[in-house]
Number of protein chains: 2
Amino acid sequence: MHSYTEENYLKALFNLANEKGEVSANELSKRLEIKMPTVNSMMKKLAEKKLVHYESYKPLRLTDKGKKEAGLIIRKHRLTEMFLVQVMEFGWEQVHEIAEQMEHLHAPDFFEKMDAMLGYPTIDPHGSPIPDKSGKISWKQYDKLSDCKAGDTVKLSAVINGTDDFFKFLNSRGLQLGVKIKIKSIEVFDKSMHVSYLKKANETLSHTVTERLLVEME
Amino acid sequence: MHSYTEENYLKALFNLANEKGEVSANELSKRLEIKMPTVNSMMKKLAEKKLVHYESYKPLRLTDKGKKEAGLIIRKHRLTEMFLVQVMEFGWEQVHEIAEQMEHLHAPDFFEKMDAMLGYPTIDPHGSPIPDKSGKISWKQYDKLSDCKAGDTVKLSAVINGTDDFFKFLNSRGLQLGVKIKIKSIEVFDKSMHVSYLKKANETLSHTVTERLLVEME
DNA sequence: CTAATAAGTTAGAATAATCTAACAAAATAT
DNA sequence: ATATTTTGTTAGATTATTCTAACTTATTAG
Ligand SMILES: [Mn+2]
Ligand SMILES: [Mn+2]
Ligand SMILES: [Mn+2]
Ligand SMILES: [Mn+2]
């Protein structure tokens with residue numbers, strides 16, 4: 001079995017690879033807030049365990065085994081978040097920190113039960129896909145709201161880089177997953193969008209916001 | 001904050017103190033399956049942190065602070081067990097191992113929510129008291145079934161030293177908390193009891209069993 | 001009341017995870 | 001094409017948790 005520490009490295013590697021393609025030791029170090037030499041030796045250790053491909057001065061890559069392990073940890077994280085929201089009635093802004101700890105539990109029955117209680121969900125409360133039991137993720141084709149044009153009508157489907165503050169902002173504007181948003185116009189100046197949704201006829205969303213909202217075209 | 005490791009020492013000290021009164025380094029070492037010298041240095045470390053009273057060659061004692069910390073960990077353990085049984089429909093024999101891990105989560109909101117969902121329970125699924133929010137435990141006055149006399153009618157209120165196998169044995173006999181048991185006779189030879197309860201007119205319980213069942217007199 | 005046994009302690013070593021300082025390689029900017 | 005900066009690596013140290021071997025104190029049995 002892998003330690004709590006090793007699991008956090010795997011998960012960070014997996015997430016960085018999906019965000020940026022290649023993963024450098026430097027990015028990993030920043031993401032985990034752990035100094036480079038520590039990361040470097042951990043990479044050698046994970047390479048020993050056949051979880052990472054490591055070659056001096058080359059970008060870091062997870063092996064298939066590493067990807068699977070990471071996927072299974074992320075599965076536990078996202079199932080937990082879904083459980084906390086659906087069953088325990090937490091807000092979507094409250095669940096990440098708790099899931100960050102619970103993802104390290106070694107309790108297959110517990111997560112099986114969660115999964116069943118939730119009806120085998122495929123996305124978490126923030127719209128991110130839940131990896132299957134073999135650790136595989138199926139990515140949806142979402143667009144950033146910031147890449148849409150005036151006149152488009154879209155459905156809010158996922159939130160990325162969601163911090164506590166950002167979720168609170170979305171709550172205060174009544175923005176939840178599933179909400180239909182109509183883009184009325186876009187300011188050339190600062191790329192802010194004038195949109196309407198639900199009972200709101202005219203809301204303004206800054207580029208900082210629209211960049212973090214993933215939508216599906218209607 | 002205390003490490004996972006330190007928390008397990010505190011909990012073991014607390015439980016041993018309640019079972020046996022005084023706690024020796026030797027017993028603690030056996031309970032935790034950690035060698036004596038390791039336990040010895042951990043005791044010095046916990047003494048530094050004012051969690052344990054340590055004097056060479058004297059029995060170990062938790063400080064008030066230590067008792068409180070231990071109580072709060074046990075609170076999390078037992079709330080978790082109750083949640084797993086009541087909300088997630090696990091069997092009482094399945095929950096201890098999961099709770100053993102979850103008791104170390106640092107997530108006050110999570111346990112608050114559990115507590116509320118359960119209606120602020122005072123006992124766990126095995127009949128053990130759940131410490132309050134200040135870590136205090138209120139002990140109930142239970143008797144061992146093995147200490148009762150022929151003719152007594154009692155209510156099964158708690159199970160001690162409950163292993164997986166023991167819970168499965170109780171399940172197979174339909175013995176749950178709350179069941180009314182009438183003691184028909186006791187074998188002098190081996191102290192086994194002939195009892196009746198529910199629809200069972202004549203069951204035999206060995207001393208090994210009756211010793212682990214705590215009951216209330218009717 | 002010794003002698004033997006059990007319990008507790010000290011010393012020294014190992015592994016995991018982290019750090020800082022120093023050095024090497026690769027990438028970037030004149 | 002060099003100089004500078006950034007990135008990656010190595011070396012050496014630190015803290016936490018554990019161990020075995022050796023020694024000391026306390027308890028128990030004759
Ligand atoms: Mn999350
Ligand atoms: Mn984590
Ligand atoms: Mn338990
Ligand atoms: Mn534990």
Side-chain angles (χ1 to χ4, degrees), chain A residues 1-14 16-17 19-62 66 69-70 73 100-101 103-106, chain B residues 1-13 15-17 19-62 66 69-70 73 100-101 103-106:
Chain A
M1 209 23 54
H2 314 127
S3 69
Y4 183 110
T5 304
E6 290 169 332
E7 289 188 350
N8 281 336
Y9 278 92
L10 288 176
K11 197 164 59 104
L13 278 163
F14 188 97
L16 281 170
E19 289 164 27
K20 315 220 183 188
E22 296 201 322
V23 184
S24 68
N26 200 239
E27 280 159 346
L28 186 56
S29 165
K30 282 173 188 150
R31 175 65 59 97
L32 291 168
E33 299 182 270
I34 288 172
K35 295 287 182 293
M36 291 264 290
T38 309
V39 169
N40 187 263
S41 29
M42 182 57 85
M43 288 308 102
K44 288 176 172 173
K45 184 175 162 197
L46 293 181
E48 287 286 313
K49 293 192 172 193
K50 306 289 183 201
L51 294 163
V52 165
H53 294 294
Y54 174 83
E55 289 177 273
S56 291
Y57 300 104
K58 295 259 173 67
L60 300 163
R61 286 179 307 118
L62 284 172
E69 298 294 331
I73 298 159
E100 202 61 46
Q101 296 178 61
E103 70 193 359
H104 303 292
L105 297 174
H106 299 301
Chain B
M1 210 23 51
H2 315 127
S3 68
Y4 183 110
T5 305
E6 290 168 333
E7 289 187 350
N8 281 336
Y9 279 92
L10 289 176
K11 196 163 60 104
L13 279 163
N15 285 329
L16 280 169
E19 289 164 27
K20 315 221 181 188
E22 297 201 321
V23 184
S24 67
N26 199 238
E27 279 159 346
L28 186 55
S29 164
K30 282 172 188 150
R31 176 64 59 97
L32 291 168
E33 299 182 272
I34 288 171
K35 297 286 182 291
M36 291 264 291
T38 308
V39 169
N40 187 263
S41 29
M42 182 57 86
M43 289 308 101
K44 288 175 173 175
K45 184 175 162 195
L46 293 182
E48 287 287 313
K49 293 192 172 193
K50 306 288 184 202
L51 294 163
V52 165
H53 293 294
Y54 174 82
E55 289 177 273
S56 291
Y57 300 104
K58 295 261 172 65
L60 299 164
R61 286 178 308 117
L62 284 172
E69 298 293 332
I73 298 158
E100 201 61 45
Q101 297 177 60
E103 70 194 0
H104 304 292
L105 297 175
H106 299 300

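Each chain gets a letter, A, B and so on, in the order its sequence line appears, and its residues count up from 1.
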Derivation and outcome, side-chain contact (heavy atoms from CB on, under 4.5 Å), residues B:Ile34 and B:Met42: CA-CA 11 Å; B:Ile34 288 171; B:Met42 182 57 86; over 6 Å; no
Do A:His104 and B:His104 have side-chain heavy atoms sitting under 4.5 Å apart? no
Value in whole Å for how far the C1' atom of D:dT18 lies from CG of B:Asn8: 14 Å
So what does B:Asn40 touch, heavy atoms closer than 4.0 Å: a base, only the sugar-phosphate, or nothing? base
What's the separation between atom OH in A:Tyr4 and atom NE2 in A:His106, rounded to the nearest 0.5 Å? 11.5 Å
Between B:Asn15 and B:Arg31, is a side-chain contact (heavy atoms from CB on, under 4.5 Å) present by the stated rule, with each step listed? CA-CA 10 Å; B:Asn15 285 329; B:Arg31 176 64 59 97; 4.2 Å; yes
DNA chain D contacts made by residues 47-56 of chain A, counting heavy atoms under 4.0 Å: A:Tyr54, A:Ser56
Is any side-chain N or O of A:Tyr9 closer than 4.0 Å to OP1 or OP2 of C:dT18? yes
Between A:Tyr9 and A:Met43, is the side-chain contact (heavy atoms from CB on, under 4.5 Å) condition met? List the steps. CA-CA 9 Å; A:Tyr9 278 92; A:Met43 288 308 102; 3.7 Å; yes
Does D:dT10 have its OP1 or OP2 closer than 4.0 Å to a side-chain nitrogen or oxygen of A:Lys44? yes
From the candidates D:dT18, C:dT9, C:dA25, the one with an atom nearest any side-chain atom of A:Tyr57 is C:dA25
Among C:dT18, D:dT18, C:dA25, which nucleotide sits nearest the side chain of B:Ser41? D:dT18
What is the distance, rounded to the nearest whole Å, between atom CD1 of A:Ile34 and atom P of C:dC19? 6 Å
Could you give the NZ-to-C1' distance, from A:Lys35 to D:dA13, as a whole number of Å? 16 Å
When rounded to whole Å, the CD to C1' distance for the pair A:Glu33 and C:dC19 reads 15 Å
Over how many whole Å does the gap from A:Glu22 atom CD to C:dA26 atom P extend? 15 Å
Winner on side-chain proximity to A:Pro37, out of D:dA21, D:dT9, D:dT7, is D:dT9
Can you list, pair by pair, the side-chain donor-acceptor contacts under 3.5 Å of residues 48-59 of chain B, counting residues two or more places apart and other chains?
unit_1, atom_1, unit_2, atom_2, d
B:Lys49, NZ, B:Glu6, OE1, 3.1
B:Lys49, NZ, B:Glu6, OE2, 2.9
B:Tyr54, OH, B:Asn40, ND2, 3.3

Could you check if a side-chain atom of B:Asn8 sits within less than 4.5 angstrom of a side-chain atom of B:Glu103, using non-hydrogen atoms only? yes
Between D:dG8 atom C1' and A:Lys30 atom NZ, what is the distance in whole Å? 13 Å
To the nearest angstrom, how far is B:Lys58 atom NZ from C:dA7 atom P? 19 Å
Just to be sure I understand the rule, does B:Thr5 reach a base, reach only the sugar-phosphate, or reach nothing, if contact means heavy atoms closer than 4.0 Å? sugar-phosphate
To the nearest Å, give me how far apart CG (B:Leu28) and P (C:dG8) are. 10 Å
Output yes when at least one side-chain N/O atom of A:Ser24 is less than 4.0 Å from OP1 or OP2 of D:dT7, else no. no
